[in-house]
Amino acid sequence: MKARLRAAAAALILGGLFVGLLAGVRDLPPIGDPSSPASTHVSPRFIEEARRETGALNMVTAVLADYRGYDTLGETAVIFAAGLGAFVILAASIGGPRRETPGPGLSHRVDSLLLDTAARVLAPFLLLFAVYVLVHGHVSPGGGFQGGVLFGLGLVTLRLVWGPPRPDRAASRFGPGVRASFLLASAGLLAYIAIGIAAMAFGGAFLDYGVLPLGQDPAHVRELATLGVEAAVFVAVSGTVAVLFETIAVGVAETGRPLPNEDPAPVEAREEG
Amino acid sequence: MMLDPGGLIATGLLATMLVTGAVALLVNDLLVAAALFGVFSFAAAAWFAALGAVDVAFTEACVGGALTTILLVAATFRTTRRLDR
Amino acid sequence: MPGISAVEAVAAALLVGSLAFILAAVVGILRLPDFYTRLHAVGKCDTAGLALATLALALLSGDLVLALKLAAVWAILAVANPTGTHALARAAGRAGVPVWTADGAARRKSRRDGGPSR
């Protein structure tokens with residue numbers, strides 16, 4: 001009964017929210033309305049000036065990392081907080097009395113020649129492509145966020161195929177990967193903030209890159225600083241992706257039985273010692 | 001509705017999103033729901049690309065299609081696969 | 001044919017071939033009896049169909065850099081798709097997904113038809 005009441009309350013609140021948002025949407029100008037403020041003041045300014053002011057061919061990058069750098073800083077902080085939140089919640093659940101020491105989970109070593117070879121072939125290209133997406137973000141779609149996610153996924157691929165060979169009971173509350181990933185994520189976020197503060201130190205506003213002493217051409221300076229910000233986002237996001245995978249996937253007990261032609265020894269050894 | 005191919009593709013992708021999203025909410029097998037969410041994300045990414053928002057499409061494909069699906073599958077393994085109602 | 005160059009004709013033929021392979025994969029999923037045989041159909045036919053499709057798109061692109069990028073897509077598909085199929089089959093084997101056999105199917109059929117119970 002109580003659960004039903006709670007569900008009814010949730011439905012009521014969400015329904016009200018939906019109606020309220022719908023009412024709000026009615027006041028918005030139509031999509032693509034050429035006479036809306038966004039189309040008359042904001043967009044033309046970016047479309048006409050972004051190339052000259054920031055040196056970025058891809059306007060999306062110019063807007064995200066330069067004009068709206070403060071928003072992107074907030075986004076990066078939110079992503080970092082998500083990784084931190086997953087870690088805090090799951091660390092509590094693993095350390096609790098209800099669960100024994102986590103097994104190697106999804107991150108155990110997969111003894112498959114095919115997977116091993118494929119990961120060996122694909123992972124370098126995946127990691128390299130992530131860096132390409134980062135540095136090419138000025139010209140083509142992409143940038144720090146997408147590159148960071150791709151890099152993190154490359155790390156996840158490596159972790160899936162070449163996890164630790166044997167669970168280390170003493171040290172495997174989460175394994176060494178989490179600490180390194182957290183270092184990466186924090187370093188990225190701090191680097192972003194540091195770039196903003198560096199702009200203040202040279203007399204500009206927070207995240208006002210144009211004043212940094214990186215050369216004569218202000219557009220080029222902003223381009224370089226944008227690349228720096230994107231690199232910071234890259235590091236923060238790839239670290240957070242790794243944190244999320246390490247905290248959520250590690251501790252998942254491997255279920256199932258070994259294949260007939262497989263050596264069952266590792267499974268037995270894990271259960272006994 | 002316009003009958004140009006681009007509009008048809010966009011409408012088909014939206015329909016795919018609607019169907020996969022609804023089925024993902026209704027199934028009792030959470031692993032199936034996670035896989036359907038992956039399909040939903042790829043349809044969304046293709047829809048964004050069809051609308052010309054290539055950066056958004058790229059992000060949706062990376063995050064929704066790959067990362068979130070992996071994390072959902074991992075979370076399913078860690079908790080429960082059957083949703084008993 | 002008027003208005004269609006030789007390159008376009010070849011690309012169209014390749015696309016038709018690609019669709020034929022993908023259709024075979026769909027038929028395989030719907031008609032084959034168990035997980036492994038369905039995977040067997042999808043793994044091969046998808047890889048072949050997508051390879052032909054990328055080849056057709058590379059021909060149609062008319063741009064060397066774009067064609068090389070599509071070739072890279074093809075190379076990654078050619079490695080990743082069979083690997084994924086292998087990983088799926090391996091995981092299913094470890095998880096104990098039953099293999100279809102003619103005997104098992106006959107037993108189930110006789111049970112369903114009200115034959116002697118077990």
Side-chain angles (χ1 to χ4, degrees), chain A residues 3 7 31-32 58-64 75 79 82-83 86 89-90 93-94 99 102-103 105-107 126 129-130 133 137 140-157 159-160 237-238 240-256, chain B residues 1-2 4 6-7 10-11 13-14 18 21-22 24-26 28-35 37-38 40-42 44-85:
Chain A
I31 294 173
N58 181 8
M59 257 178 294
V60 179
T61 302
V63 171
L64 283 182
E75 271 171 38
I79 289 164
I89 293 170
L90 293 173
S93 85
I94 276 187
R99 203 179 179 92
L106 287 182
S107 60
L126 186 51
F129 180 65
V133 167
S140 62
F145 188 83
Q146 291 94 330
V149 174
L150 282 175
F151 197 86
L153 286 173
L155 296 180
V156 167
T157 308
R159 198 79 171 73
L160 277 172
V237 169
S238 56
T240 307
V241 168
V243 166
L244 282 172
F245 177 76
E246 295 275 343
T247 49
I248 293 181
V250 172
V252 179
E254 188 198 3
T255 52
Chain B
M1 195 187 301
M2 290 175 298
D4 63 322
T11 312
L13 289 169
L14 271 178
L18 205 63
L25 281 177
L26 293 177
N28 270 324
D29 190 332
L30 291 178
L31 209 55
V32 171
F37 185 72
F40 174 89
S41 285
F42 272 113
W47 185 54
F48 292 146
L51 292 183
V54 191
D55 281 82
V56 189
F58 194 178
T59 313
E60 176 66 28
C62 287
V63 178
L67 178 63
T68 314
T69 310
I70 290 177
L71 292 181
L72 283 177
V73 170
T76 306
F77 270 88
R78 189 156 174 171
T79 51
T80 175
R81 186 174 164 180
R82 292 271 155 207
L83 191 64
D84 296 316
R85 301 175 203 251

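Labels below follow one simple rule: chain letters A, B, ... track the order of the sequence lines, proteins then strands, and each chain is numbered from 1. What you see is a predicted model; the values in this text were computed from it and never measured.
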Q) Is there a side-chain contact between B:I70 and A:L153, using heavy atoms and a 4.5 Å cut-off? A) yes
Q | Any donor-acceptor pair under 3.5 Å from A:Q146 side chain to B:C62 backbone | A | no
Q) Got A:F245 and B:L67 here, is their nearest side-chain heavy-atom distance under 4.5 Å? A) no
Q | A:G142 backbone acceptor or donor facing B:D55 side chain under 3.5 Å | A | yes
Q: Under 4.5 Å heavy-atom distance to chain B, tell me which part of A:L244 shows up: side chain, backbone, both or neither.
A: both
Q: Indicate yes or no: at least one non-hydrogen side-chain atom of B:F58 is less than 4.5 angstrom from one of A:V149.
A: no
